[in-house]
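Notes follow the structure.
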Amino acid sequence: MDFNHNRIRQLFDRKKENILNIYFTAGFPRLDDTGDIITALGDAGVDLVEIGMPYSDPLADGPTIQQSGQVALRNGMTLPLLFEQIAAVRAKTDLPLILMGYFNQVMQYGETAFFEKCAEIGIDGLIIPDLPLVEYKSSYRDTIESLGLGFSFLITPQTSTERIRMVDELSRGFIYMVSNAAITGAKADITRLQIDYFDRIKGMRLSNPRLIGFGISSFKTFSTACEYANGAIIGSAFIKALESSNGQLSDTVAGFVAGIKNEHGEQQTQSVEPLKN
Amino acid sequence: MEIAVDERGYYGEFGGAFIPEMLYPNVEELKRRYLSIMEEPDFQRRFRQLLRDYVGRPSPLYLAERLSNHYGATIYLKREDLNHTGAHKINNTIGQILLAQKLGKTRIIAETGAGQHGVATATVCALMGLQCIVYMGAVDIQRQAPNVARMRMLGAEVRPATSGSQTLKDATNEAIRDWINHPEETHYIIGSVVGPHPYPDMVARFQSVISEEMKWQLLEHTGNSDPDLVIACVGGGSNAAGAFYHYLNTPAVRLVAVEAAGKGIHSGHSAATSVLGTKGVIHGSRTLLMQTDDGQIIEPYSISAGLDYPGIGPMHAHLIKTGRAEAVSITDEEALNAAFSLTRTEGIIPALETAHALAALDKLSFKKTDIMVVCLSGRGDKDLAAYIEYLDSHGL
Ligand SMILES: Cc1ncc(COP(=O)(O)O)c(C=O)c1O
């Protein structure tokens with residue numbers, strides 16, 4: 001399938017800045033929340049949604065995402081169930097949807113079967129942080145690209161220029177800029193050193209758009225990230241908000257997103273009107 | 001059959017480096033430099049000297065006569081338990097600490113199960129004056145308390161891993177996360193032949209001194225450097241890798257890898273990866289691991305903290321899948337019996353891990369004329385609590 005029809009591509013064709021990508025772990029806080037969370041995120045004006053496949057041993061994730069994954073697995077989340085949930089919500093939304101998980105899950109499902117299933121149910125892109133560039137290139141790129149799926153590789157402040165060029169060549173959709181040498185988890189502020197790194201990458205004029213993730217948690221960090229990239233990805237901070245949602249999913253989601261998108265949108269208020277897409 | 005790792009880091013279909021980008025620069029630097037550093041004359045000289053003067057190598061190859069009589073064959077014990085700190089683990093930590101210094105690293109992290117690797121790492125850090133942080137499952141901190149005390153006395157910080165089954169797998173996860181968070185100044189001393197390439201090959205090379213010595217020691221003892229069987233326990237598989245290393249390409253030497261069957265292979269409380277495992281990725285390498293149909297890693301179980309791991313090193317996965325090595329699974333009870341049997345026939349208290357290798361003698365078929373070497377990977381001081389409980393409950 002032609003990548004021009006891919007929803008991630010179309011989004012970035014249409015919108016170049018302030019892109020908000022929200023991550024959540026499927027099956028958390030409750031097994032059947034997946035569809036409602038995605039719908040609420042769409043209603044709140046989020047641009048992209050990254051759905052985490054809960055994993056027993058998520059090496060790149062901090063305590064918040066680890067724990068949400070444990071809860072999701074205890075709730076009974078599995079890949080076949082998640083695929084059903086996504087297929088159902090895909091009928092109702094045109095939001096670009098990205099699936100994030102670890103390579104062992106993909107291997108166990110069967111790599112080709114997994115990629116085909118993703119394409120079939122309307123997933124637009126994949127993030128598999130422990131699938132290395134070389135393995136991707138030699139074994140999976142052709143299948144993934146022929147299915148019209150996007151694939152985002154990560155870069156960090158330590159990634160060499162040469163390697164960033166390779167990431168740019170192999171990624172389709174956007175490049176995931178890890179903000180800091182760290183696992184996932186909300187941090188307070190963006191440092192001078194990080195800004196230098198954001199600036200350096202910006203100056204490389206890469207062909208893919210860039211989203212900054214890891215440690216983006218607030219209006220302030222989101223706006224800073226947006227100055228240096230096309231947008232940002234928020235995970236742990238959103239999961240913390242869901243943790244205290246007490247079943248009021250759509251209010252929590254709307255409040256959280258409003259708090260990220262504008263300075264005075266209060267994250268905690270339950271009365272914020274959902275922003276329409 | 002080719003057994004050495006290829007340049008992509010694979011043993012056949014197993015191995016590789018499935019790591020997040022955050023670890024790439026560190027692992028890549030290691031991959032680029034480990035062989036050339038290990039070949040430097042200065043490195044070799046210091047490594048060999050420390051193994052001799054500090055560790056106490058060569059470790060004896062002991063003809064266990066009473067044990068031999070009991071089984072009706074010739075059994076040698078490769079006495080890694082007599083090394084400084086009481087296990088084979090220090091062969092690897094001496095090598096890796098010298099390597100870390102060459103790489104200019106100032107902060108050392110490690111995971112540990114039984115605590116032997118943690119102690120061996122804390123020891124070399126004390127020796128070199130480097131900061132040391134050891135991740136250990138909260139369950140293992142309880143069951144291997146003497147080693148926790150030793151690490152603390154050596155100046156290491158022991159950090160509990162509280163996720164999952166709170167054992168070796170989880171300690172390894174935490175160590176990897178620490179490395180992601182501190183990529184520049186930190187070297188991660190992995191304690192077994194697991195992890196992303198080049199770790200399995202690097203650790204196997206450091207441990208290969210075991211079979212290097214076995215060859216000349218056997219020649220002295222028997223006139224032949226090759227035994228008929230080499231038997232070793234496998235958690236990740238480092239003592240086995242070391243004991244097998246120089247026999248890998250000698251098919252006449254049977255290689256026996258002994259795993260922990262816990263309460264029984266199919267009891268749901270086991271760590272018998274070669275039987276229960278399927279292909280997957282754990283801790284950065286493609287290997288055999290215990291997992292659900294949905295690709296979630298299964299929490300393993302063994303009385304032995306050092307064997308309580310849901311995977312095996314990629315080299316062993318390859319050796320077992322290709323038939324070069326035989327796998328034997330031993331239950332908790334069988335291991336405990338073997339520990340008492342060795343103690344009372346030879347006056348040697350083995351580690352619980354090692355007791356699994358000894359118990360395999362009851363399961364294997366061999367000829368009267370066979371010469372066998374069991375890798376006595378460690379001593380049992382750390383396991384006295386479990387042994388005393390067994391004594392009391394069995395009226396011994
Ligand atoms: C004495 C002893 N033997 C064996 C092992 C298992 O490790 P490996 O399979 O890497 O030799 C351990 C691990 O803690 C140990 O302490």
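Chain letters run A, B, ... following the sequence lines, proteins first and then strands; every chain starts at 1. Just so it is clear, the model here is predicted, and its values are computed rather than measured.
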Worksheet item: For E299(B), is it the side chain, the backbone, both or neither that has a heavy atom under 4.5 Å from a heavy atom of chain A?
Response: neither

Discussion item. Between Q70(A) and chain B, with a heavy-atom cut-off of 4.5 Å, which part of the residue counts as in contact: side chain, backbone, both or neither?
Written reply: neither

Discussion item. Between P54(A) and chain B, with a heavy-atom cut-off of 4.5 Å, which part of the residue counts as in contact: side chain, backbone, both or neither?
Written reply: backbone

Worksheet item: How far apart are the C-alpha atoms of T221(A) and S218(A), what are their side-chain angles, what is the distance that settles it, and do they pass the side chain to side chain donor-acceptor pair (under 3.5 Å) test?
Response: CA-CA 5 Å; T221(A) 45; S218(A) 59; 2.8 Å; yes

Worksheet item: Checking heavy atoms, do the side chain of Y55(A), its backbone, both or neither come under 4.5 Å from chain B?
Response: both

Item to complete: Heavy-atom distances under 4.5 Å only: say whether I19(B) touches chain A with side chain, backbone, both or neither.
Response: backbone

Practice prompt. Among L73(A), L131(A), I155(A), single out the residue with the greatest number of heavy-atom pairs under 4.5 Å to chain B.
Written response: L73(A)

Worksheet item: If you count heavy-atom pairs under 4.5 Å between each of R8(B), E184(B), H182(B) and chain A, which one has the most?
Response: E184(B)

Item to complete: Name the orientation class of the two ring planes belonging to Y11(B) and H318(B) (parallel below 30°, tilted from 30 to 60°, perpendicular beyond 60°).
Response: tilted

Discussion item. Between R165(A) and E162(A), does any side-chain N to carboxylate O distance fall below 4.0 Å?
Written reply: no

Practice prompt. Just do the ring-ring contact (aromatic ring centres under 6.0 Å, His included) check on Y197(A) and Y228(A) with the steps written out, would you?
Written response: CA-CA 10 Å; Y197(A) 152 66; Y228(A) 298 92; over 10 Å; no

Worksheet item: Relative to the ring of F151(A), is the ring of Y136(A) parallel (under 30°), tilted (30 to 60°) or perpendicular (over 60°)?
Response: tilted

Worksheet item: In terms of heavy-atom contacts, does NZ of K102(B) have more than 12 from other residues, nucleotides or ligands at under 6.0 Å?
Response: yes

Discussion item. With a 6.0 Å cut-off on the ring centroids, do F83(A) and F114(A) count as close?
Written reply: yes

Discussion item. Which one wins on heavy-atom pair count under 4.5 Å against chain B: P157(A), P58(A), G62(A)?
Written reply: P58(A)

Discussion item. What part of E28(B) gets within 4.5 angstrom of chain A, counting heavy atoms only: side chain, backbone, both, or neither?
Written reply: neither

Worksheet item: Which answer fits L289(B), side chain, backbone, both or neither, if we ask what part of it has an atom under 4.5 Å from a heavy atom of chain A?
Response: side chain

Worksheet entry | Side chain / backbone / both / neither for E135(A) at chain B, heavy atoms under 4.5 Å | side chain

Item to complete: Mind listing the closest non-hydrogen atom pair of A87(A) and I121(A) along with its distance?
Response: CB-CG2, 3.9 Å

Practice prompt. Begin from the C-alpha positions of E111(B) and Y188(B) and carry the test side chain to side chain donor-acceptor pair (under 3.5 Å) through to its verdict.
Written response: CA-CA 9 Å; E111(B) 85 297 339; Y188(B) 176 19; 2.8 Å; yes

Discussion item. Is Y24(B) in contact with chain A via its backbone, its side chain, both, or neither, using a 4.5 Å heavy-atom distance?
Written reply: side chain

Worksheet item: Quick one: what part of T172(B) sits under 4.5 Å from any heavy atom of chain A, side chain, backbone, both or neither?
Response: neither

